[in-house]
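Encoded as structure tokens, the structure appears first; notes follow it.
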Amino acid sequence: MNPEYTATALAHPNIAFIKYWGNRNDALRLALNDSLSMNLAALHTRTTVRFLLDGSQASDTLVLNGRAIQGDALVRVSGFLNLVRQRAGVDWPAHIISDNNFPTGAGIASSAAAFAALALAASAALGLHLTEKELSILARRGSGSACRSIPAGFVAWHAGVEDGDSYAETIAPPSHWNLVDCVAVIQSAHKPVGSTAGHTLAGTSLLQAARVADAPRRAALCRQAILDRDFEALAVVTELDSNLMHAVMQTSTPPLLYWEPQSVEIMKSVMRWRQEGLPVCYTLDAGPNVHVLTLSDSVDEVEQRLRAVDGVAEVLVSAPGGAARLEPSPKDLEMKGFNQ
Ligand code: PMV
């Protein structure tokens with residue numbers, strides 16, 4: 001049991017090679033297609049959850065990267081915690097402290113790591129012993145892609161058709177392949193439409209039905225490329241899948257254009273570099289940053305080339321990452337913000 005009703009968990013964000021875009025059920029975040037991803041070892045969210053039984057606060061509180069958070073973000077987190085509270089049969093408010101080790105506001109999708117860490121910390125704090133599958137299903141309710149940040153390494157999300165069969169599992173451990181993600185962080189003043197809103201627009205694009213219909217074929221190619229450590233095969237299907245998702249985004253109503261001129265410049269450079277023999281390919285999520293995949297031998301070269309592109313603020317380099325995991329909770333919780 002957990003007499004303090006406190007737990008701390010760490011989870012990595014993930015980058016999808018085969019993307020999730022559009023739900024069959026928005027409330028349950030049931031994806032329309034299977035997706036495949038890799039966890040990012042160098043980046044993580046660490047979250048401590050304490051449930052308070054002493055009446056010291058009436059509702060949930062959240063401190064994110066040292067700042068007290070209110071509004072929509074807190075409502076979303078509270079709604080998610082309600083699922084965990086219901087499961088444990090309690091109604092206690094919680095105090096949550098969450099920190100990312102990667103630059104905030106840089107447009108790195110953090111909701112996957114955030115809800116994976118929150119699912120694990122909150123369920124452990126309430127003494128629920130969930131299996132990896134159950135945790136993945138729970139994390140999915142916070143953010144679809146969060147279900148892929150629960151298992152280790154290279155991960156497949158089986159879209160399924162209902163709550164109980166839509167979850168992610170490892171297809172290969174982190175050590176399977178020396179693939180590296182170099183995230184070129186683009187300076188951008190533009191505030192993009194978030195993915196929760198974006199998923200609801202996917203069906204307004206004429207291209208979404210075609211993207212979804214062909215997804216099983218792409219997922220099979222991608223899975224085989226990962227299992228065979230076949231970089232060229234991975235490159236071709238990953239770029240195709242990213243382009244298809246962005247084609248859907250760009251042709252939805254209203255249209256979503258996440259690319260900045262520097263994003264396009266990098267995509268074109270990556271295509272050229274690959275033709276010249278460098279193992280590189282690109283993929284982009286719901287933002288302008290370009291994830292450039294390569295192999296460990298070529299990381300220095302790729303990083304150097306990306307840094308030379310005008311408008312690239314930073315390059316974050318990450319090998320395949322492990323599963324979400326529990327960590328010892330800090331002893332100095334007051335110091336860390338529990339008394340705010
Ligand atoms: O989990 P969400 O709702 O943030 O959606 C993630 C969507 C993409 O990052 C664009 C694609 C993906 O599969 O990660």
Side-chain angles (χ1 to χ4, degrees), residues 11-40 43 45 72-73 76-77 79-80 100 102 106-119 136-151 154-160 166-168 171 181 183 191-203 205 207-208 211-212 215 218-219 222-223 237-250 252 256-259 263 282-291 293 318 321 324:
H12 302 288
N14 64 76
I15 179 64
F17 310 136
I18 301 298
K19 307 291 191 186
Y20 149 55
W21 196 247
N23 292 314
R24 71 171 70 237
N25 180 322
D26 286 320
L28 291 175
R29 297 182 193 269
L30 293 174
L32 278 167
N33 63 275
D34 291 2
S35 52
L36 283 159
S37 61
M38 170 181 114
N39 287 346
L40 302 179
L43 313 181
T45 299
D72 291 351
R76 183 167 172 189
V77 163
F80 179 76
N100 297 328
F102 47 95
I108 307 297
S110 53
S111 65
F115 282 99
L118 186 60
S136 179
I137 289 170
L138 175 62
R140 194 201 75 229
R141 299 289 300 275
S143 176
S145 58
C147 75
R148 298 191 309 241
S149 281
I150 295 290
F154 298 87
V155 171
W157 173 6
H158 311 291
S166 186
Y167 65 97
I171 61 165
D181 184 11
V183 192
K191 242 206 159 357
V193 173
S195 45
T196 299
H199 291 296
T200 68
L201 302 178
S205 166
L207 306 181
Q208 171 71 342
R211 190 195 72 84
V212 171
R218 295 191 306 280
C222 183
R223 176 188 283 260
V237 76
T238 296
E239 290 186 356
L240 170 64
D241 196 84
S242 176
N243 291 344
L244 282 168
M245 180 181 73
H246 284 274
V248 167
M249 291 164 160
Q250 289 163 18
S252 67
L256 303 173
L257 180 52
Y258 288 107
W259 298 346
S263 319
Y282 66 78
T283 184
L284 290 86
D285 284 340
N289 301 324
V290 187
H291 292 253
L293 304 171
S318 217

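Along the sequence shown, residues are numbered consecutively beginning with 1. Numbering of ligands and ligand atoms starts at 1, following listing order.
Geometrically, ligand 1 and Trp21 share no nitrogen or oxygen pair separated by less than 3.5 Å. No N or O atom of Lys19 sits closer than 3.5 Å to an N or O atom of ligand 1. Polar contact with ligand 1: present for His199 (N/O pair, distance under 3.5 Å).
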**Study point:** Tyr167 and Cys147: CA distance, side-chain angles, deciding distance, side chain to side chain contact (heavy atoms under 4.5 Å, CB included) verdict
**Key:** CA-CA 6 Å; Tyr167 65 97; Cys147 75; 5.8 Å; no

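Between Arg76 and Ser143, some side-chain heavy-atom pair lies under the 4.5 Å cut-off. Within the 4.5 Å cutoff, no side-chain heavy atoms of Cys222 are placed close to those of Asp241.
Under 3.5 Å, the side chains of Ser195 and Trp21 contain no donor-acceptor pair of N or O atoms. Under 3.5 Å, the side chains of Asn14 and Ser149 contain a donor-acceptor pair of N or O atoms.
The shell of residues lying under 4.0 angstrom from ligand 1, judged by heavy atoms, excludes Ala112. Using a 4.0 Å cutoff on heavy atoms, Ser35 does not count as a contact of ligand 1.
Closest heavy-atom approach to atom 14 (O) of ligand 1 among the candidates Arg29, Arg148, Met249, Met245: Arg148. Closest heavy-atom approach to atom 4 (O) of ligand 1 within the set Ser195, Ala114, Ser37: this belongs to Ser195.
Using bins of under 30°, 30° to 60° and over 60° for the plane-to-plane angle, the ring pair His246/Trp259 lands in the tilted bin.
Listed by atom number, the atoms of ligand 1 under 4.0 Å from Ser143 heavy atoms are 1 (O), 2 (P), 3 (O), 4 (O). Per-residue contacts place Ala16 under 4.0 angstrom from the following atoms of ligand 1 (heavy atoms of the residue considered): 12 (C), 13 (O), 14 (O). Taking every non-hydrogen atom of Ser111 and a distance limit under 4.0 Å, the qualifying atoms of ligand 1 come out as 4 (O). Counting the atoms of ligand 1 from 1 in the order shown, those under 4.0 Å from a heavy atom of Ala286 are 10 (C). Near Gly144, the atoms of ligand 1 lying under 4.0 angstrom from a non-hydrogen atom of the residue are 1 (O).
Checking each of Leu40, Asn39, Thr238, Leu43 against Ile15 for a side-chain contact (heavy atoms from CB on, under 4.5 Å) leaves exactly one that passes, namely Leu40.
Ser205 contributes no side-chain N or O that, together with a main-chain N or O of Ala202, makes up a donor-acceptor pair within less than 3.5 Å.
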